Amino acid sequence: MVDLLSGDRLSALTSIESLGDLGDLIVSAAALREAAEAIAPLAQGEPVDDPRSLAKPLSVWLRAAGNQTKSIKRELTEFAAKEASSRAEAEILAARRGRLDAIRAEGIDPFPYSFDGQEPIADVRAAHAELEAGAETQRTHRVAGRLASRRGQGGMSFLDLVDRTGRIQLQATSDTLDAKQFALLGDLVDLGDLLGVEGRAFVSQRGELTLQIASVEILAKALRPPPDKRHGLQDADAKYRRREVDLLSSEASRATFIARSRIVAAFRRELGDDGFLEVETPILQTLYGGAAAEPFVTFHNALDRKLYLRIAPELYLKRCLVGGLERVFEIGKNFRNEGLSPKHQPEFTSIEWYEAYAEYHAAADRTESLIRAAADAAGYDYEAEGAIRFDRPWRRVTFVDAVQEATGIDLLAHFQAQVGDGQYEITDDNGDPTGAVVDQDEFLRSAVRAKPKLAKQIADLDSLSWPQLADELLGTFVEPSLIQPTFILDHPVELSPLAKRHRTIDGLTERWEAYANGQEIANAFSELNDPDEQRRRFEAQQRYSESGDAEAQPYDESFVQALEQGMPPAAGVGVGIDRLVIMLTGSSTIRDVILFPALREL
RNA sequence: GCCCCUGUAGCUCAAUUGGUUAGAGCAGCGGACUCUUAAUCCGAAGGUUGAAGGUUCGAUUCCUUCCGGGGGCACCA
């Protein structure tokens, strides 16, 4: 207590604007300061007249100290770092502030309201694409953007201006620009400032399209310097924490997010053109469902109840089908309370669409054409080395065949070996009965054990059930090899509680997962619409949950009641947008395609 | 959670493997320069080597703990 309250730390703490969320109690800096002052006599061992009056400030302070020691420590560190910021940095910042003051002293507003009539830099370039080196024109253009580079030469200088569409060179000469404006550019403008320029187009002797500046104005002063003009931001931490700095200094980074936007727009356009309705369903849900994952939990004060952030929009979108909307889609964030990795973020974007009166093969056809459209929109180069051929028909192979092909194991072999209800007799290498009679789970496990090379790579082999082991075999021996786009069809029913049973093969469902680049990118079913069957599936999930499966889906009675209202047969598809963007932009991690990714310290 | 790697000037990187006063480029500061584009040239400045301990005559370098970041395992899309 005394230590926490003593001198420097107290003043440091109370100088911080906000300490954030202290458990379920939000403590403002002011409230904390008040509490600290109130209990100061206690901490200093002075007599206290009315101890009860200290109860509240003390609890505020203890809460702050107890719940948030880590956060306080961090704030203190940052505060100390701020205080001790080096002279070099201080000088750089002071120089910019000095010029800000000088600009104001000139009677110029360093933060004006607008700059009208500007053209995208790419359009200016396009307008003069045919000109040769040394060519002059009389056309003037207005452009606006950030000053990225400057090459001064006394009475003349070249500057590079960057906007969202590209970069263009500007020339300032003391001959053609009035003295005040020339001095403004030379003495008061810094790299990183936002400028509006009007200038006449010509092509330099080295062949670079250039605008000779006729007038210039500062559109916003940058008080912090941009990163290294050649290398940009290299520090991964800074790139993600200060994305704005990454974006302003990296054309590649901007291109990634432009491509992302175009990919999402392509889905929206293609589905919209085909009569699909974009809808928005709850993100805060009273019960989560539609996928196997652990949810984030939150609390609504007015309703006095626990709420979950959705892990998928699936169940609500199916209710839209019940309601007759027939073709719906939703693009949005899902939230899963799981680990971070180059492929995983706690919030990620999916698109799901549902089409009444269609089944899963039709869904696969539509998925192929949608992703082709998305790839086209992103400008994906199908011919590049190692490119994923989204432009060709995708391979389609069943779950069972894919596992058979990769491992030699027939997941359905037990059907031929059935000797009683749920009883199967193991055969030897020649197919002769061995006399060992086991259940379905053990039948498959023994088949895997017979191949020691495979068995070695499966953890906890002995505890896996038939569906779990089947999934494991696919994940371990098939998935990593699926570089070119592939549909894996017909998954075990236990893994697919929301999919219709396969119309001919017992134990399987009408489901597919699409893979590319060794990753799952889409998942679809012929949607289960028999409410009684759905009820039984949920009950089975409940049993898995009770036996310790944290990801089993909860029983959603109101969803079953919606099905009782009558849901048309339908196909539903979910596509992971982030992973698709990773592939289509050649990025290597999900953090590179999410503007402000969650980092380890969330 | 566990394992491995990593943190040097505002930015991008060095430092002969433990050895004198931690060096460059960019940016910034002072100066020169009217076709440059990584502009060039001259000058001065900029560092508690993430933090705290320890070992040592001597630590950016080795050890411990803590704080960031990256990769891997497990879970997951």
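Not measured: the values here are computed from a predicted model. Numbered from 1 within each chain, the chains take letters A, B, ... in sequence-line order.
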What distance, rounded to whole Å, do you find between the two P atoms, one in B:U12 and one in B:G53?
28 Å

Legend entry - Span that lies between the C1' atom of B:A59 and that of B:A15, in whole angstrom: 13 Å

Tell me whether A:Thr137 contacts the main-chain N or O of A:Ala201 through its side chain, where contact means a donor paired with an acceptor under 3.5 Å. yes

- Message: Within the 4.0 Å heavy-atom criterion, would you say A:Gln345 contacts the bases, only the backbone, or no part of the nucleic acid?
- Response: base

Q.
On the side chain of A:Ser149, is there an atom forming a donor-acceptor pair with the base of B:U37 - under 3.5 Å, no angle test?
A. no

With the side chain defined as heavy atoms from C-beta on, A:Phe202 is closest, among B:G28, B:C35, B:G70, to B:C35

Query raised in the report: What integer number of Å spans the C1' atoms of B:G72 and B:C11?
Result: 30 Å

Self-check item: side-chain contact (heavy atoms from CB on, under 4.5 Å) between A:Leu317 and A:Phe329, intermediate numbers included
Solution: CA-CA 7 Å; A:Leu317 289 171; A:Phe329 74 98; over 6 Å; no

By nearest-nucleotide position on RNA chain B, the 5'-leaning member of A:Gly152 and A:Thr173 is A:Thr173

Practice task
Please evaluate the base of B:U36 for a donor-acceptor partner in the side chain of A:Gln171 within a cut-off of under 3.5 Å?
Solution key: no

Among the nucleotides B:G72, B:G70, B:U34, whichever has the atom closest to the side chain of A:Gln153 is B:U34

| said: Tell me whether the side-chain N or O atoms of A:Glu208 pair up with the base of B:U37 as donor and acceptor below 3.5 Å, since no angle test is needed here. | reply: yes

Nearest heavy-atom contact between A:Gly290 and A:Gln553 is N-OE1, 3.3 Å

*How is A:Gln205 classified with respect to the nucleic acid when contacts are heavy atoms under 4.0 Å: base, sugar-phosphate, or nothing?*
base

Original post:
Is the shortest side-chain N/O distance from A:Arg151 to OP1 or OP2 of B:U37 below 4.0 Å?
Top reply: no

Inset, instruction - Determine the Euclidean distance between corresponding C1' atoms of B:U6 and B:U60; express it in Å to zero decimal places. - result: 14 Å

Atom CG of A:Asp190 and atom C1' of B:C26 are separated, to the nearest Å, by 15 Å

In whole angstroms, the gap separating P of B:C11 from CG of A:Leu191 amounts to 16 Å

Taking a pair to mean Watson-Crick or G-U wobble geometry with both distances below 3.5 Å, B:U40 pairs with B:A32

Residues in residues 174-185 of chain A with a heavy atom under 4.0 Å of RNA chain B, by number, are A:Ser174, A:Asp175

| said: For a quick check of understanding: with a heavy-atom distance under 4.0 Å over all strands, which category does A:Pro226 fall into, base, sugar-phosphate or nothing? | reply: nothing

side-chain contact (heavy atoms from CB on, under 4.5 Å) with A:Ile351: of A:Leu271, A:Val264, A:Leu580, A:Val573, only one passes, and it is A:Leu271

Work out how far the C1' atom of B:G43 is from that of B:G19, and round it to whole angstrom. 32 Å

Are OP1 or OP2 of B:C29 and a side-chain N or O of A:Arg99 less than 4.0 angstrom apart? yes

Using Watson-Crick geometry (N1-N3 plus N6-O4 or O6-N4) or G-U wobble (N1-O2, O6-N3), each under 3.5 Å, B:G1 is paired with B:C73

Rounded to whole Å, CG of A:Asp160 lies from P of B:A27 at a distance of 13 Å

OP1 or OP2 of B:U37 under 4.0 Å from side-chain N/O of A:Arg206: yes

Q) Would one find a side-chain N or O of A:Arg96 under 4.0 angstrom from OP1 or OP2 of B:A27? A) no

*asked:* Using atom C1' in both nucleotides, what's the gap between B:G71 and B:U64 to the nearest angstrom?
replied: 24 Å

Q. In whole Å, what separates the P atom of B:G58 from that of B:G70?
A. 37 Å

key: Backbone N/O of A:Thr589 and side chain of A:Ser587: donor-acceptor pair under 3.5 Å   = no

Of B:U36, B:U34, B:G28, the nucleotide closest to the side chain of A:Ser204 is B:U36

Classify A:Gly574 by what it touches in the nucleic acid, base, sugar-phosphate, or nothing, heavy-atom distance under 4.0 Å. nothing

To the nearest angstrom, the CG-C1' distance between A:Leu340 and B:C73 comes to 15 Å

_Pairwise side-chain contact, A:Leu284 with A:Tyr308, heavy-atom cut-off 4.5 Å (strictly under)_ = no

_At 4.0 Å (heavy atoms only), tell me whether A:Arg167 reaches a base, stays on the sugar-phosphate, or touches nothing._
nothing

Regarding the side chain of A:Thr589, the nearest nucleotide among B:U36, B:G28, B:G71 is B:G71

Please work out whether the ring planes of A:Trp394 and A:Phe487 are parallel, tilted or perpendicular, with thresholds of 30° and 60°. parallel

Base orientation of B:U17, chi within 90° of 0 counted as syn, else anti, reads syn

Taking every heavy atom of A:Ile590 against every heavy atom of A:Lys343, the minimum-distance pair comes out as CD1-O, 3.8 Å

Contacts satisfying salt bridge (charged side-chain N to carboxylate O under 4.0 Å, His left out) that involve residues 476-495 of chain A (not counting sequence neighbours) are none

